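Please read all numbers here as calculations on a predicted model, not as lab measurements.
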Amino acid sequence: MNTVIVTILMIIAAYLAGSISSAVLVCKIRGLPDPRTSGSGNPGATNVLRIGGVSSAGLVLFFDMLKGALPSYLGYKMGLDAASLGFIAVCACLGHIFPLFFGFKGGKGVATAFGAMAPIGGDLALCLILTWVVVVLITRYSSVAAMAAATLAPFYTWWLDDRFILPVAMLSTLILIRHKDNIGRLRIGEETKVSRKKSIKKPNSTKR
């Protein structure tokens, strides 16, 4: 099959895969509030952590990363060039950001983008995870951690496997653009910090 046709089909498949909102589905299955109307309003793993706890957030993170990793890996196995892989990965993220099946209102695309980068190699995935964790521990801001990891991702790629600098740079640029509002909130001190779901105390029925 013609390479151009394969690339176009993979781009469409990546967008459709990205359009499956893991956060909304996990919350629905587990009887949790809709992440689009609860917490920060962002249907992503960090917001699910706030409203549903670690296990729910872990499921969302896994499936969001899988949405990016699977199309990118399949494209790589088909022998597509770096630019084509970049477009496929970006379209998976765009599906997450503007999901066809959920009213075109999605998340930031960070986990999906990092998932798309992960097949490049375990070393890159480890560098991205460590960067995110260290920055979160220092700042308590998931958005700052995501932007730090995205900014460093092209440099990590250049160091580890420079064949994929272009697709990684494309994904990093998309992540930074998606955090424009977060940057604004950080500047005025209104950005939400990372925290786990707090238990809700029930009122004592004996007191009036």
Side-chain angles (χ1 to χ4, degrees), residues 14-69 89-118 128-129 131-151 153 170-198 200:
Y15 173 76
L16 293 175
S19 290
I20 302 171
S21 180
S22 308
V24 174
L25 293 177
V26 167
C27 286
K28 196 166 190 177
I29 291 170
R30 294 201 157 193
L32 298 170
D34 191 325
R36 295 169 295 182
T37 56
S38 304
S40 67
N42 179 56
T46 302
N47 193 35
V48 173
L49 176 65
R50 296 187 185 103
I51 63 178
V54 175
S55 63
S56 296
L59 285 173
V60 173
L61 180 63
F62 172 77
F63 286 113
D64 279 352
M65 291 186 70
L66 186 64
K67 293 189 303 187
V90 166
C91 282
C93 294
L94 289 175
H96 180 86
I97 296 167
F98 305 109
L100 177 65
F101 310 124
F102 295 88
F104 300 99
K105 295 179 181 179
K108 300 290 184 184
V110 176
T112 305
F114 287 173
M117 297 179 194
L128 293 174
I129 291 170
T131 299
W132 190 90
V133 170
V134 169
V135 177
V136 161
L137 290 175
I138 293 172
T139 67
R140 305 301 299 174
Y141 288 114
S142 175
S143 57
V144 174
M147 288 187 286
T151 300
M170 292 167 69
L171 289 167
S172 294
T173 301
L174 180 61
I175 291 173
L176 294 174
I177 291 172
R178 282 293 291 166
H179 281 80
K180 173 177 62 70
D181 292 339
N182 300 84
I183 294 171
R185 288 193 294 270
L186 285 165
R187 291 179 62 185
I188 59 177
E190 294 184 355
E191 180 71 339
T192 305
K193 291 189 176 183
V194 175
S195 62
R196 285 197 279 181
K197 180 184 69 171
K198 296 180 180 179
I200 301 173

I need the [X] [atom1] to [Y] [atom2] distance, nearest 0.5 Å.
X	Y	atom1	atom2	answer
Ser22	Leu66	OG	CG	8.5 Å
Leu100	Tyr15	CG	OH	5.0 Å
Ile183	Leu176	CD1	CG	7.0 Å
Thr37	Ile51	OG1	CD1	8.0 Å
Arg178	Leu94	CZ	CG	9.5 Å

Side-chain touch [X]/[Y], heavy atoms, less than 4.5 angstrom:
X	Y	result
Tyr141	Val136	no
Leu32	Ser56	yes
Thr192	Arg50	yes
Pro99	Lys105	no
Pro35	Asn42	no

Item to check | All pairs passing salt bridge (Lys or Arg N to Asp or Glu O under 4.0 Å) where residues 31-48 contributes a residue, at least two apart | outcome: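 Residue pairs passing salt bridge (Lys or Arg N to Asp or Glu O under 4.0 Å), neighbours aside: Asp34-Arg36.
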
Next on the checklist: Using side-chain contact (heavy atoms from CB on, under 4.5 Å), reason through Leu61 and Leu49 one step at a time and then give a plain yes or no.
Outcome noted: CA-CA 10 Å; Leu61 180 63; Leu49 176 65; over 6 Å; no

Item to check | Thr112 side chain to Asp64 side chain, donor-acceptor N/O pair below 3.5 angstrom | outcome: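 Side-chain D/A pair, Thr112 to Asp64: absent.
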
Checklist entry - Listed by chain and number, what are the side chain to side chain donor-acceptor pair (under 3.5 Å) partners of Ser21, not counting sequence neighbours? => result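 Applying side chain to side chain donor-acceptor pair (under 3.5 Å) to Ser21 gives none.
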
Checklist entry - With sequence neighbours excluded, what pairs up with Lys108 under the side chain to side chain donor-acceptor pair (under 3.5 Å) test? => result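 If we apply the side chain to side chain donor-acceptor pair (under 3.5 Å) test to Lys108, skipping adjacent residues, the hits are Asn182.
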
Identify, with sequence neighbours excluded, every residue that meets side-chain contact (heavy atoms from CB on, under 4.5 Å) alongside [X].
X	answer
Leu25	Ile20, Phe102
Ser142	Thr46, Trp132, Val194
Ala148	Thr131, Val135

Checklist entry - Among Glu191, Arg185, His179, which residue meets the side-chain hydrogen bond (donor to acceptor under 3.5 Å, both in side chains) test with Ser143? => result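 Filter result, single survivor: Glu191.
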
